[in-house]
Amino acid sequence: MEGEKIVGIISERDYARKIALAGRSSKDTPVSVIMTTEVLCVGPLQTTEECMAIMTENRVRHLP
């Protein structure tokens with residue numbers, strides 16, 4: 001977060017692809033280097049069905 005703005009999200013997929021498979025050290029790599037910066041977000045009025053459609057269409061597993 002930067003103030004009220006979401007600037008990224010980190011998932012186990014980010015870690016696996018950008019740390020483990022890339023041979024980086026998790027101890028020496030800042031989260032900002034490996035996080036996904038294009039974050040899709042939903043609001044409290046969106047339905048579960050809408051959220052599932054967004055997740056399926058965009059092939060994401062986390063939806064803040």
Side-chain angles (χ1 to χ4, degrees):
M1 302 285 296
E2 285 181 359
E4 294 292 316
K5 182 180 181 219
I6 296 175
V7 295
I9 189 169
I10 187 165
S11 67
E12 67 278 0
R13 184 179 289 177
D14 291 320
Y15 181 84
R17 289 183 177 170
K18 300 172 188 170
I19 294 286
L21 294 177
R24 292 184 176 181
S25 165
S26 56
K27 182 178 178 183
D28 298 325
T29 305
V31 169
S32 60
V33 171
I34 64 168
M35 70 184 179
T36 299
T37 56
E38 294 182 26
V39 182
L40 298 171
C41 299
V42 295
L45 299 179
Q46 287 183 277
T47 67
T48 302
E49 290 80 16
E50 290 172 325
C51 294
M52 293 303 294
I54 291 168
M55 293 172 74
T56 300
E57 290 167 14
N58 292 280
R59 301 184 75 199
V60 296
R61 294 169 43 188
H62 304 276
L63 194 57

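FYI, side chains are in, hydrogens and waters are out, and symmetry mates aren't considered; it's all heavy atoms of this structure.
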Would Thr37 and Val7 satisfy side-chain contact (heavy atoms from CB on, under 4.5 Å), going step by step from the backbone distance to the final call? CA-CA 6 Å; Thr37 56; Val7 295; over 6 Å; no
Does the side-chain contact (heavy atoms from CB on, under 4.5 Å) test come out yes or no for Ile34 and Arg24, once each step is laid out? CA-CA 10 Å; Ile34 64 168; Arg24 292 184 176 181; 3.8 Å; yes
Could you walk me through whether Thr36 and Ile10 satisfy the side-chain contact (heavy atoms from CB on, under 4.5 Å) test, starting with their C-alpha distance in whole Å, then the side-chain angles of each, then the deciding distance to 0.1 Å, before giving a yes or no? CA-CA 6 Å; Thr36 299; Ile10 187 165; over 6 Å; no
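To the nearest 0.5 Å, the span separating OG1 on Thr48 from CE on Met55 amounts to 10.5 Å. If you take CD1 on Ile54 and CD on Glu49, they are separated by 12.0 Å, rounding to the nearest 0.5 Å.
Annotation: side chain of Arg13 is not in contact with side chain of His62 (no heavy-atom distance under 4.5 Å). At least one side-chain heavy atom of Ile6 sits under 4.5 Å from a side-chain heavy atom of Cys41. Using a 4.5 Å heavy-atom threshold, the side chains of Ile19 and Lys27 count as separate. Within the 4.5 Å cutoff, no side-chain heavy atoms of Glu50 are placed close to those of Val42.
Around the CD atom of Glu2, the shell of radius 6.0 Å holds no more than 12 heavy atoms that belong to other residues, nucleotides or ligands.
Nearest heavy-atom pair across Gln46 and Cys51 is CB-SG, 4.2 Å. Shown here for Glu12 and Arg61, the closest heavy-atom pair between the two residues is OE2-NH2, 2.6 Å.
By the rule that hydrophobic residues join a cluster once side-chain heavy atoms approach within less than 4.5 Å of another member, Met1 and Met35 end up as members of separate clusters. Two different hydrophobic clusters hold Leu21 and Tyr15 under the rule that ILVMFWY side chains link at heavy-atom gaps under 4.5 Å. Val39 and Val31 are assigned to two separate hydrophobic clusters, defined by single-linkage of ILVMFWY side chains at heavy-atom distances under 4.5 Å.
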